[in-house]
Peer 1: 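Provided herewith is a single structure, encoded as structure tokens, for subsequent inquiry.
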Amino acid sequence: QHRRRPLGAAAMLAIRFALPGGGEEGEGGAETGVPKALLVGTGVDLIIDGLIIGIGLAAGAKQGLLISLALSVEAVSLGLATAATLRKRSLSRGAAFGVTAGLGSLFVVGAVLGGVPLQGLEGAWLDGVLAFGAAALLFLAAEELISEAHEAAPDTPWQTGAFLFGFLVILLFDLAG
């Protein structure tokens with residue numbers, strides 16, 4: 001049963017290395033064009049978020065509503081960050097809006113897929129889907145969002161400590177539950 005968990009993370013890594021250049025966007029400051037790794041990572045994250053909403057709604061209306069609200073807030077902030085990155089990469093407003101809207105539609109596709117065929121998913125298969133989503137989220141955070149945040153402004157010791165404290169809190173909640 002637990003042998004399938006690494007398959008989700010392996011699938012995300014396979015997608016990363018299938019991208020031209022192994023998912024690396026290049027070095028330097030003035031990058032232009034479409035950041036493929038960011039878009040693939042964001043797309044996979046939004047599909048998985050949608051799947052989680054669909055599965056939550058299938059489990060019950062109250063659970064589904066709470067999950068929907070939380071993930072919708074996350075999706076809005078992710079969409080704004082993606083649009084800002086696209087504009088920074090010299091895409092027009094219309095192109096940035098179109099790409100972001102297309103990514104947003106993946107959220108709905110994931111919810112439909114999660115609500116219909118995956119509602120009976122459990123055990124190791126559910127673990128595999130969630131591991132794939134976690135790997136996509138970690139890739140997106142580590143490879144794109146955190147690295148861009150470090151480029152924007154230097155870190156202070158307080159910011160680094162707060163960041164690590166957040167991970168510690170999440171780890172302690174996981175160990176307690």
Side-chain angles (χ1 to χ4, degrees), residues 8-9 12-13 15-16 18-57 63-115 129-156 158-167 169-170 173:
M12 187 59 215
L13 287 174
I15 289 173
R16 177 181 190 259
L19 291 169
E24 298 298 324
E25 297 296 338
E27 311 261 338
E31 296 176 5
T32 59
V34 178
K36 293 172 193 71
L38 173 67
L39 298 182
V40 169
T42 301
V44 169
D45 178 53
L46 288 170
I47 289 172
I48 297 296
D49 287 350
L51 285 171
I52 292 169
I53 288 174
I55 293 168
L57 287 170
Q63 296 91 334
L65 180 62
L66 289 172
I67 291 170
S68 297
L69 289 173
L71 289 177
S72 294
V73 170
E74 182 256 344
V76 167
S77 64
L78 184 59
L80 291 172
T82 302
T85 299
L86 293 173
R87 291 288 292 142
K88 187 174 113 180
R89 298 276 185 114
S90 301
L91 267 71
S92 69
R93 283 185 182 164
F97 177 80
V99 169
T100 306
L103 287 171
S105 69
L106 295 176
F107 195 62
V108 176
V109 168
V112 171
L113 289 175
V129 170
L130 295 178
F132 181 75
L137 180 60
L138 289 173
F139 168 77
L140 178 65
E143 290 289 323
E144 297 295 331
L145 301 177
I146 292 174
S147 64
E148 283 199 24
H150 285 286
E151 290 173 9
D155 287 339
T156 65
W158 186 89
Q159 289 171 320
T160 303
F163 181 75
L164 294 173
F165 179 74
F167 276 114
V169 169
I170 291 170
F173 277 130

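We count residues from 1, following the sequence as given. Scope of the values below: all heavy atoms of this structure, side chains included, with no hydrogens, waters or symmetry mates.
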Peer 1: Give me the atom names and distance for the closest heavy-atom approach of Gly104 to Leu46.
Peer 2: N-CD1, 4.3 Å
Peer 1: Give, for atom CG of Asp45 and atom CZ of Phe107, the distance between the pair rounded to the nearest 0.5 Å.
Peer 2: 9.0 Å
Peer 1: Working to the nearest 0.5 Å, report the span between CG of Leu38 and CG of Leu78.
Peer 2: 8.0 Å
Peer 1: Might you point out which heavy atoms bring Leu86 and Val99 nearest each other, and give the distance in Å?
Peer 2: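 Reported closest heavy-atom pair: CD1-CG1, 3.6 Å.
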Peer 1: Let me confirm one number: the OG1-CG distance from Thr82 to Leu39, rounded to the nearest 0.5 Å.
Peer 2: 7.0 Å
Peer 1: For the side chain of Thr100 and the backbone of Phe97, is there at least one donor-acceptor N/O pair under 3.5 Å apart?
Peer 2: no
Peer 1: Mind checking the CD1-CD1 spacing from Ile47 to Ile52? Nearest 0.5 Å is all I need.
Peer 2: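 Ile47 atom CD1 to Ile52 atom CD1 measures 12.5 Å (nearest 0.5 Å).
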Peer 1: What do the steps show when you test Val73 against Leu69 for side chain to side chain contact (heavy atoms under 4.5 Å, CB included), and what is the final call?
Peer 2: CA-CA 6 Å; Val73 170; Leu69 289 173; 5.9 Å; no
Peer 1: For the residue pair Arg87 and Arg93, what are the closest heavy atoms and their distance?
Peer 2: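 Scanning both residues, the minimum pair turns out to be NH1-N, 3.4 Å.
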Peer 1: Roughly how far apart are Leu66 CG and Ser68 OG, rounded to 0.5 Å?
Peer 2: 8.5 Å
Peer 1: Could you pull out the closest heavy-atom pair between Ala96 and Ala83, with the gap in Å?
Peer 2: CB-O, 4.2 Å
Peer 1: Nearest 0.5 Å please: distance from the OG1 atom of Thr42 over to the CG atom of Leu106.
Peer 2: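 Rounded to the nearest 0.5 Å, the OG1-CG separation comes to 10.0 Å.
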